[in-house]
Amino acid sequence: MLFDALQNVLEKVQKPARYIGGELNSVTKDKEKVDVRYAFCFPDVYEIGMSHLGMKILYSLKNAREDTWCERVFAPADDMEALMRENDIPLYGLESLEPIRNFDMIGFTLQYEMCYTTVLNMLDLAGLPVRSSQRTALAPIVMAGGPCACNPEPMADFIDLFVLGEGEEVNLELIDLYKVAKQGNWTKQEYLRKAAQIQGVYVPSLYAVSYREDGTIAAVTPEEGATATVRKRIIADLDSVFFPESFVVPNIEVVHDRSMLEVLRGCIRGCRFCQAGFIYRPFREKRHTTLNKDGKNLTESSGYDEISLTSLSTSDYSELEPLLTEMIPWTSCENVGLSLPSLRIDNFSPELLEQIAKVRKSGLTFAPEAGTQRMRDVINKNITEDEVMQTCRTAFEGGYTSVKLYFMLGLPTETMDDVKGIADLAQQIVDLFYSLPERPKGKGVNVTISAACFVPKPFTPFEFEPQDTIEEFHRKQEYLKSCIRTKKINYKYHSGGTSMLEAVLARGDRRLCAVVEGAWKRGSRLDSWSEFYDPTRWDEAMAEQGLDYSFYANRRRDYDEISPWNHLDYGVSKQFLIRENKLAHADTTTPNCREKCAACGASGLYGEKEVLPPCRVTANS
């Protein structure tokens, strides 16, 4: 029945291949021979979700079990959604084309705060109540994970349980527990109570939140035997963890249309604005032999002609040179390109450039983040202006003529002199190019500066900081534009409006659940896309609940204030974050983890295991 209905609508939508499944390496099973059916939902369109490495890993992990069938589900674009609602077509899995409301478990990955209304919209399209309390049966269990789960409170009323940290092991444990619950005819609440005893599982309905008169949180109280603190999960040994031998190859071009190898997890740097750099700690690497083997498997099984070496800081990978030495011969022979994103300015050497030149001919991208040395010290970037200039000199003398630089506006303690410093630094890079006798002849230089709006995030030293108002962002954006004196510099910047909402949702409490639902009821979904985002829907939803953007985005938080995520443990202690915040206001840096351990607490995630600095399983250990 659903297949027939789909045939009638697919010819009316753009990119119908988004909705039909059947791709190379997708997994189909006999539903009568599995115990658990799992819908892996990515709350964005197909091209975005099919580019995500985490989804590829967990999809293959679950399907490697004979007792489980995991199917992919993406948010339909607006044309497809309209036809689905008009023709009573519920949200379905791509592998079976069957409604996901009949599945055992539904999992969402929360990669970005602006996807929250899309999660509600997908539940509604599935024919399910959006609120967890209204879904009383054992099936389906609705769960969520990903980076935004580090503060799940704005979604607490909609999700049955959250997975904190890395999901390879805990997902399988939840499936095992579900099988026991299914066979034992447990209630949903019995399952959730048992699940809450698994490390890394947070069940929000088992915690009561009370508030003070000023709107701050008074207490978060565990109930029904739940633990006072929920600690995230990590994978201690990346070499032994599951990694797919094949990826599903999309039917259409997607954003990252290539194989991806995860070379490491975590980051040694400690940039004070960077949530990923803290919530993915501790720092762990894969051996280069493991990565080379995985790269060959993916190339043979998928036919991709490009492999990306992904991480938060690929040039910090200690075995990068032997990895490239091992991979370049066979990738060159098979015409497979290698991509190295996330390069660091302070370890970009002529030797690394020589290796990159063998595999990559496009422009280079770096992230100074701030235009002045004082500001870079505030954010603990730990790079100097001399290193920036030397890196650009190395690139230009190596034949490059295009450099893209990422910056942020609105960082804590920022002044207009710091804003002007962004334009000044870009101008110095332009001047450097034309001063070099060994620059590429007959070519001009292009320097792109991309300036994002700073968003304070949980589990960072800047979680206490106020965000600039929209008016302050606009003023700084226009001032930076006025400081650029040459067409050799291309300037791009992001909207302050979505950044403010991102800040509200990133540090928000459970009262925002009603705001998210109110915005969705007014038509919000796919809010990360500018053509769909409408701030008036959010304004009305906030006003309806008597809440104020500035309370969440624009005020400084006291160190002793109870945060909405205070009962969640990502391994980085609050004492460490406070200490780093104070150092930021003193314009003082902290060495990276390879130079000196900063005692952030992440090594405690290994339990009793003795760990060598910087909290990593080394290639020789």
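Residue indices begin at 1 and follow the sequence shown.
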### Task
Could you label the plane-to-plane angle of the Tyr202 and His567 rings as parallel, tilted or perpendicular, counting under 30° as parallel and over 60° as perpendicular?
perpendicular
### Task
Decide, yes or no, whether a salt bridge links Arg37 with Glu98 under the criterion of side-chain N to carboxylate O below 4.0 Å.
yes
### Task
Under the side-chain hydrogen bond (donor to acceptor under 3.5 Å, both in side chains) rule, what do Arg272 and Thr590 come out as? Steps first, then yes or no, please.
CA-CA 10 Å; Arg272 291 170 179 143; Thr590 298; 3.3 Å; yes
### Task
Would you mind listing every salt bridge (charged side-chain N to carboxylate O under 4.0 Å, His left out) that reaches into residues 101-110, with sequence neighbours excluded?
Asp104-Lys182
### Task
For residues Phe74 and Tyr46, establish whether the separation of their ring centroids is below 6.0 Å.
yes
### Task
Check the pair Lys286 / Asp239 against salt bridge (charged side-chain N to carboxylate O under 4.0 Å, His left out), numbers first and verdict last.
CA-CA 5 Å; Lys286 281 190 178 182; Asp239 277 300; over 6 Å; no
### Note, Met80 side chain near Tyr19 side chain (heavy atom, < 4.5 Å)
yes
### Query
Under 4.0 Å between a Lys/Arg side-chain N and an Asp/Glu carboxylate O for Arg135 and Asp160?
yes
### Trace of the ring pair (Phe, Tyr, Trp, His ring centres under 6.0 Å) decision for Tyr59 with Phe40
CA-CA 7 Å; Tyr59 172 83; Phe40 198 131; 8.1 Å; no
### Task
Determine, stepwise, if the pair Glu326 / Lys296 fulfils salt bridge (charged side-chain N to carboxylate O under 4.0 Å, His left out).
CA-CA 11 Å; Glu326 198 165 353; Lys296 285 183 176 180; over 6 Å; no
### Message
Would you say that Glu81 contacts Asn121 through its side chain, given a criterion of any heavy-atom pair below 4.5 Å between the two side chains?
### Response
yes
#### Entry: Close side-chain approach of Val73 and Tyr92, heavy atoms under 4.5 Å
no
#### Entry: Summary of side-chain hydrogen bond (donor to acceptor under 3.5 Å, both in side chains) pairs that have at least one residue in residues 240-253, sequence neighbours excluded
Asp237-Ser240
### Message
A side-chain contact here means heavy atoms from C-beta on lying under 4.5 Å apart; do His494 and Ser450 qualify?
### Response
yes
### Message
Once you measure the plane-to-plane angle for Tyr178 and Tyr191, does it fall in the parallel (<30°), tilted (30-60°) or perpendicular (>60°) bin?
### Response
perpendicular
### Query
Is the closest basic N to carboxylate O distance between Lys29 and Glu95 below 4.0 Å?
no
### salt_bridge(Lys457, Glu502) N-O dist < 4.0 Å
yes
### Message
Can you tell me if Trp529 has over 12 outside heavy atoms packed within less than 6.0 Å of its CH2?
### Response
no
### Message
If you count heavy atoms of other groups shown closer than 6.0 angstrom to NZ of Lys194, is the number above 12?
### Response
no
